[in-house]
Trainee: 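Next up is a structure, given as structure tokens.
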Amino acid sequence: MDARPTPVIARFLRTPDAAVHLGLSARTLEKHRCFGTGPVYRKLGGRIVYSVEDLDAWAEQGLRCSTSDPGKGIVHPAKRLDGYTPPVRR
């Protein structure tokens, strides 16, 4: 009888693992959460998790074949979209 355990495939990733999945830094994903420009996430208790499907769908928005290809969507940078620049403290 073969009693090998079945490997568990993670459906949800925490921020550091999601960042590795996308090739971004964890800090960049945190900024995307603050500005609402990143992939959708879930808050389970105090933990932030991302589904692998949501990460892949978000990354697909940036898919391009050439520099002139408009693509399917836009992946915005991790910053405010309204152009607001906070005052600089000196």
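Fair warning: this is a prediction, and the values are worked out from it, not measured in the lab.
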Trainee: Using a 6.0 Å cut-off, check whether atom CZ of R11 has over 12 heavy atoms from anything other than its own residue.
Mentor: no
Trainee: Heavy-atom distance under 4.5 Å between the side chains of R14 and R47, does that happen here?
Mentor: yes
Trainee: I need the minimum non-hydrogen distance between P16 and A26, along with the two atoms involved.
Mentor: CA-CB, 4.3 Å
Trainee: List the steps and the verdict of side chain to side chain donor-acceptor pair (under 3.5 Å) for R33 and T15.
Mentor: CA-CA 11 Å; R33 279 202 308 269; T15 301; 3.1 Å; yes
Trainee: Would you call R42 and S51 a side-chain contact if the rule is heavy atoms closer than 4.5 Å?
Mentor: yes
Trainee: Could you give me the CA-CA distance, side-chain angles and deciding distance for H76 and L81, then say whether side chain to side chain contact (heavy atoms under 4.5 Å, CB included) is met?
Mentor: CA-CA 8 Å; H76 293 284; L81 296 177; 3.7 Å; yes
Trainee: So, R80 versus T37: side-chain donor-acceptor pair below 3.5 Å or not?
Mentor: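 No, no side-chain donor-acceptor contact under 3.5 Å.
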Trainee: Nearest 0.5 Å please: distance from the CZ atom of F12 over to the CG atom of D17.
Mentor: 14.0 Å
Trainee: Each residue besides V52 in its hydrophobic cluster should be listed here, by chain and number; the cluster joins Ile, Leu, Val, Met, Phe, Trp and Tyr at side-chain heavy-atom distances under 4.5 Å.
Mentor: L13, L22, L24, L29, Y41, I48, Y50, L55, W58, V75
Trainee: Compare every heavy atom of A78 with every heavy atom of K31, then report the nearest pair and how far apart it is.
Mentor: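 Answer, listing the atom of K31 first, then A78: CB-CB, 3.7 Å.
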